[in-house]
Structures are given as C-alpha cells and as structure tokens.
Amino acid sequence: MYENLVHQNVAKNLSSDIKKGIFPGAVLFSGPQSCGKLTAALETARILSCHQQNAGKWTCDCYNCRQNKALTFSNLMILGPRDCALEISAAKKTFLDAVQNKSSFLTAAHYLFVRSIRKLTLRFNGILWQGDKNINKIGNLIEEINEDLEQVDVERPVPPFENLEKICTNLESLCLKLENEFLYDSIPINQIRNIEEWAYKKSEEGKKTIILENSERMSQNVRNALLKILEEPPEDCVFILLTSNRNAIMQTILSRVRTYSFVERTIEQQQDVITRVFHNNTENITINDYLQTFLPVHPDVICQEAKSFYEDICNRKIPDVSQLVQKCENFSPRIELRLFLSCLAGFQKKMIYSQSGCEVAAKCLKLYVNCWENITLYNQTIPAALEILLKEMSSLNVQNEMIMTKSL
C-alpha cells in the first residue's frame, strides 16, 4: 500500500488503519504544500474501492484499480481550488521525453500526464456544477479536453511523436483556459449541496470517496453545509479533507474527522521525489521551485516587477499597468498573479514593528486580497483589477508616505 507516497511515515498509519478496518468515514490530511496529501488521498480512494484479496497494491489489475489509476472511477469526486497548470506542464515534458527516448519509465510517465490533467477536470464533474450558470461553457471545454485525452488514453498505443506533441500541447492550452476562467478560489456552496445528494445514492462499485482540497479556504456557509454531512455521513462514503493549515479548520469539523499529519520533506527528499516522479535530476531545489520553472515568466522577473510597482507608488510615480501585464504575459497561469501579490505583501514585513506600521500593513494586505478576489470572484480583468489596486495604494501612500517608503 501507498508505494507512491514516499518519505512520509504517515503511510504506515494509513495502511494499518485500513487493514484493521478502522479507517473512519471522515479524515483530515494535514501538512505543508507538496508533501503528498493529494497523492495519499487518491491512493486511499483506490485502496478502499479494491476488492482483491491483497487489496492496496499499486500493481493490482482489477477493474476498480485500473479506473482509479487513470482517475476515471465514477465513485471518485474532487472539490477545491488547486494550481494544476504547472504540474500538467511538468508532466507533459516528462511524458514527451520518455516517448522520444523510449525510456523504461514510459508507462509511468504516461499515467503521470493523464492523471495531472484529470486532477483538474475531475473538479468540473457535471454533478458538481449542476445549476451553475457556466455549466454549458465548462461542458464544451471539458468535451474538447476529453476528445484529446481519448487519443492518449493509457490503455491505447501511444500516437506517433509529432501527433502526440500536438495533442499534448493542445491539452495543456485547454487545461490552462479551464483553470484560468472557471476554477474557483473557494468551493461554491452549491457544490456541497450537490455532493450531498450524490453521496447518499447507493453504488455497486465500492466505496465513494470525496476529496476536498485546500479545505481551509472554505467560506463560513460552505463549512456549515459540510458540517451537516459530516454529522451523519453515508455508510459507504469517505470524506477526505486536505489542508496546509489545520488551525484554519472549524473546531466543529475537526471534532468529526481523524487527522493524519504529513511532515515537510527535506530538500534531499524533495529532490528524490522530483527524480522519481518527473525523472529530472535537478539538485538543491524544492518541488514547488521545480514546478515554477515551468512558469512562462521566471519568478525572479515577477518579483522584480512587484518591487518596481511598489517603489513607483512609494515615490509618487504611476506604474504602467499595461506594460506590467505584458511583461508578465497576462499573469497566466494565475499562480503568477498570486506570486506577484505575495511579493507585494512581503514589503509589509518591516512595518509590523510599530502600531502605525501595523495599521498600514493591514490596509495594504486587504488591498491585495481585494485585488485577487476582484479577479477570481467577480471576473474583473487583470489590468482593471491592478489599476484599482494602483489607485488605492497611491491614495494610501499619500496618507502614509513615510511608513510605506520605510518598508522598502
């Protein structure tokens, strides 16, 4: 069991509880980013749905395990925000390199690429989005993705390399569009209601598994709706909540789940994961840093642009927002925008040593959150949201110029 979850001792606890039949109906996987929580959750779903005598082995070839490996099992649901684009790009490179070099790990690379895409598309299951105004647009995009995915299905021969490269590039582009335009930053409450109805329907294919990623980002209404399901969970359904901040989870939810704690891997262990999964031997780099090498714009460039933006405001100059967006290639994927705002937030660290500085820092941070929400929640364009941020920060600087200038 859990052969793919490396450098995490929690795998022993998970295996033991499943073998003893004491794995509960609601659990929380808690740990830092890129520590293997989603990998563990997906493996748990596969193991619980396997009916073979030696259930849990990755090499099991039963129908349920094959479906779970390809992430096409009908009893699996994934909800929650996630930055999928960089993993898809990294997996694409690994897969194409493996095909071109006829590598021994071709099958593993094939699964890696297909699974990286379905980690995104599973969040757009029609059951989850029932009643949403965007369901038709999403459905059309998912249909395009599935048509291309069918051509690179893991149980079909790999197409000729030239065709394969075009298919993979198109899939990468379609997934980026899906993530940028429709992936929420917090689970909509309608999805919790839809999943509740689905969870109570009987299934003949084994346990249903519902994975809620980044569950700390849920709004109060969504938390309350989820709490009602966890109070009386369906008998043949397992809820797996994932979080990188256990303290942000409601105490009433914590009281209804069993927590499995994941540790942060060392740099050496993360390098080993990169080598095992992506077959890249880059040294002295974390998993997140490796994935960020697939950003269209280098993180250092984004941070430098954030510094120039902030300096201009402090010096009462007007940054050129259109030029900024162009240099950052429209902040696509959106993780680039999050990185840009995080760099801006870093300038507030020097403010916290005085009461007046803390007050200004809090106002700045609120502006960054508003900018992000204007884009992710209210569908404002990135240039328009940054123009608003510029005006609001400039106004704040006029009132607190000395404090903001000292933060540089």
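Remember, predicted model here, so these are calculated numbers, not experimental data.
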Check this for me: [X], atom [atom1], are more than 12 non-hydrogen atoms of other residues, nucleotides or ligands nearer than 6.0 Å?
| X | atom1 | value |
| --- | --- | --- |
| E311 | CD | yes |
| N9 | CG | no |
| E162 | CD | no |
| I22 | CD1 | yes |
| Q220 | CD | yes |
| Q33 | CD | no |
| Y63 | OH | no |
| E373 | CD | yes |

Salt bridge check: are [X] and [Y] linked by an N-O gap of less than 4.0 Å?
| X | Y | result |
| --- | --- | --- |
| E155 | R66 | yes |
| E401 | R316 | yes |
| R123 | E213 | yes |
| R334 | D83 | no |
| D185 | R338 | yes |
| E43 | R46 | yes |
| R82 | E87 | yes |

Requested in this report: State, without any angle test, whether Y310 and E305 hold a side-chain donor-acceptor pair at a distance under 3.5 Å.
Outcome: no
**Report entry** Validation row: L324, K327 side chains within 4.5 angstrom (heavy atoms)
**Finding:** no
Query raised in the report: Quick one: are R118 and T72 in side-chain contact, heavy atoms under 4.5 Å?
Result: yes
Query - Aromatic centroids of F262 and F29 separated by under 6.0 Å - result: yes
